[in-house]
2 protein chains.
Amino acid sequence: MLKMGKLTDYATVIMNFLAQNPGEVHAASELANVVGISAQTALKVLKTLSKAGLLQSQRGTKGGYQLTRPAQHISMADILQAMEGPIGLTECGSSPGACVRESQCSVKTNWQRISQAVHEALAKVSLADMAAPPSQPIYFVKSAPDLTHAAVSA
Amino acid sequence: MLKMGKLTDYATVIMNFLAQNPGEVHAASELANVVGISAQTALKVLKTLSKAGLLQSQRGTKGGYQLTRPAQHISMADILQAMEGPIGLTECGSSPGACVRESQCSVKTNWQRISQAVHEALAKVSLADMAAPPSQPIYFVKSAPDLTHAAVSA
DNA sequence: TATATAGTGGACTATTATAGTCCCATATAT
DNA sequence: ATATATGGGACTATAATAGTCCACTATATA
Ligand code: FES
Ligand code: FES
């Protein structure tokens, strides 16, 4: 199913909530309530996001979490990467040496390219996009060399 | 890591091999050898691919497997879907009702769109593309309405 | 027709990855 | 001081996956 973990799912909902309440500090217990999970589990997610630099934490009474940067500058790829490590569909892609016949494998390179494409797809969607209602579909173009710069920078 | 299962990895290598030897029938034991796994495990993969309609099987002596259609008409999405079910990054996307606050969740719809984008990325790459050495990178374009038809049909 | 070969279907078990929980330490507002 | 809240890590329960096994069916050929 090519699915991401539950914790990552929680993470996106939490990040989404924080994006909709910018500048405010929210405690783990509150965020747990938003998602509908235990405080402990929320804490686990928040710690991970915090260590990845996506969240800024404040300890003590009236402490909590907030986004380190504006939602426009946080991508889905950032969140996914923070929660599940580097994006790579195959074992070979992220950990070299995993496959025995790595040298003679024609499949490997192409999978890396596909992983890269998926990564870019996720990088194009910001947290702000998520918080807003869906409008523009995400289009895919294969082999359109003269659009390269526009595509990458757009 | 957003990774697919090992069996799916095996599947791609097997499909790749069969694509490079079109019209020939290859036994499970032989294919197992190609990938470097046990015959039993290969059989498991082959059964799945066969049931999904991607492979044609022949029983008895001199039996084995071959592609049902030319490699150009088999996409990575086909293989991935055959091995892991419908592509969907979130739980909500593929199984409605999984999430309690589904109705009020702004995240859900956007994830479905992203999943769709990923699916299209995989659908654009054929087995023939995989077998060939990598040449054209896969480009991603966000919001390019006037390219829609070209993108979808290309 | 007998026999060896090879796929089919499903169940089972081992392994691995994930999710969830817990404990103790540290920081901070009141 | 103390109540509140995060930080880091270990631990356990659970779930998903991978791998194996068995009884059955189909087919080529001797
Ligand atoms: S499948 Fe691992 S290197 Fe090709
Ligand atoms: S996270 Fe499940 S519907 Fe939003």
Side-chain angles (χ1 to χ4, degrees), chain A residues 1-11 13-14 18 24-33 35-66 68 80 82-85 88-91 94-95 98-99, chain B residues 1-11 13-14 18 24-33 35-66 68 80 82-85 88-91 94-95 98-99:
Chain A
M1 210 250 277
L2 194 70
K3 65 166 172 289
M4 57 194 199
K6 280 190 193 177
L7 297 183
T8 308
D9 209 338
Y10 303 156
V13 178
I14 288 173
L18 290 174
E24 298 174 16
V25 173
H26 297 272
S29 57
E30 184 195 350
L31 296 169
N33 216 46
V35 188
I37 56 178
S38 83
Q40 292 289 353
T41 303
L43 228 10
K44 187 173 199 170
V45 173
L46 291 162
K47 283 180 208 172
T48 307
L49 292 170
S50 203
K51 261 197 285 191
L54 299 180
L55 290 182
Q56 191 173 7
S57 68
Q58 184 169 348
R59 303 221 245 193
T61 314
K62 293 194 176 174
Y65 298 87
Q66 61 183 319
T68 48
L80 224 134
M83 295 303 296
E84 324 214 339
L89 276 68
T90 59
E91 210 72 47
S94 43
S95 49
C99 198
Chain B
M1 211 251 277
L2 194 69
K3 66 166 171 292
M4 57 193 200
K6 280 190 193 178
L7 297 184
T8 307
D9 208 338
Y10 303 158
V13 178
I14 288 174
L18 291 174
E24 299 174 15
V25 174
H26 297 272
S29 58
E30 184 195 350
L31 296 168
N33 216 46
V35 187
I37 55 177
S38 83
Q40 292 288 353
T41 303
L43 231 7
K44 186 171 200 172
V45 173
L46 291 163
K47 282 182 212 170
T48 307
L49 292 171
S50 202
K51 262 197 282 190
L54 299 180
L55 290 183
Q56 192 174 6
S57 68
Q58 184 170 346
R59 301 224 247 194
T61 313
K62 293 194 177 173
Y65 299 88
Q66 61 183 318
T68 49
L80 224 135
M83 295 303 297
E84 322 214 340
L89 276 66
T90 59
E91 211 72 46
S94 43
S95 48
C99 198

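Chain letters run A, B, ... following the sequence lines, proteins first, then strands; residues in each count from 1. Just so you know, these numbers come straight off a predicted model, no measurement behind them.
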Distance-only check: which donor-acceptor pairs under 3.5 Å involve side-chain atoms of residues 45-66 of chain B, not counting sequence neighbours?
| unit_1 | atom_1 | unit_2 | atom_2 | d |
| --- | --- | --- | --- | --- |
| T48(B) | OG1 | K44(B) | O | 2.9 |

(request) Check whether any side-chain heavy atom of M4(B) lies under 4.5 Å from a side-chain heavy atom of E84(B), and answer yes or no. (result) yes
(request) State, with a plain yes or no, whether a side-chain heavy atom of L18(B) is found less than 4.5 Å away from one of L31(B). (result) yes
(request) Output the single nucleotide from dA18(D), dT18(C), dT6(D) whose closest atom is nearest the side chain of A27(A). (result) dT6(D)
(message) Rounded to whole Å, please give me the gap between CG in L43(A) and C1' in dC22(C).
(response) 12 Å
(message) Between S29(B) and dA6(C), is there a contact of a side-chain N or O with OP1 or OP2 at under 4.0 Å?
(response) no
(message) The side chain of Y65(A) is closest to which nucleotide in this list: dG10(C), dT18(C), dG7(D)?
(response) dG7(D)
(message) Just to be sure I understand the geometry, which residues of residues 53-62 of chain B put a non-hydrogen atom under 4.0 Å away from DNA chain D?
(response) Q58(B), R59(B), G60(B), T61(B), K62(B)
(message) Measuring to OP1 and OP2 of dC11(D), would you say a side-chain N or O of K44(A) lies under 4.0 angstrom away?
(response) no
(request) Rounded off to whole Å, could you give me the NZ-to-C1' distance for the K47(B) and dA18(D) pair? (result) 14 Å
(message) Taking only side-chain N and O atoms of Y10(B), does any of them lie within less than 4.0 angstrom of OP1 or OP2 on dG19(D)?
(response) yes
(message) Minimum heavy-atom separation for A42(A) and A28(A), please, with both atom names.
(response) CB-O, 4.0 Å
(message) So, OP1 or OP2 of dG7(C): does either fall under 4.0 Å of a side-chain N or O from S50(B)?
(response) no
(message) Need to verify one output field. Residue with the more 5' nearest nucleotide on DNA chain D, G63(A) or Q40(A)?
(response) G63(A)
(message) Distance check, rounded to the nearest 0.5 Å: D9(B) atom CG versus K3(B) atom NZ?
(response) 11.5 Å
(message) Using whole Å, what does the distance between atom P of nucleotide dT4(D) and atom CD of E30(A) come to?
(response) 16 Å
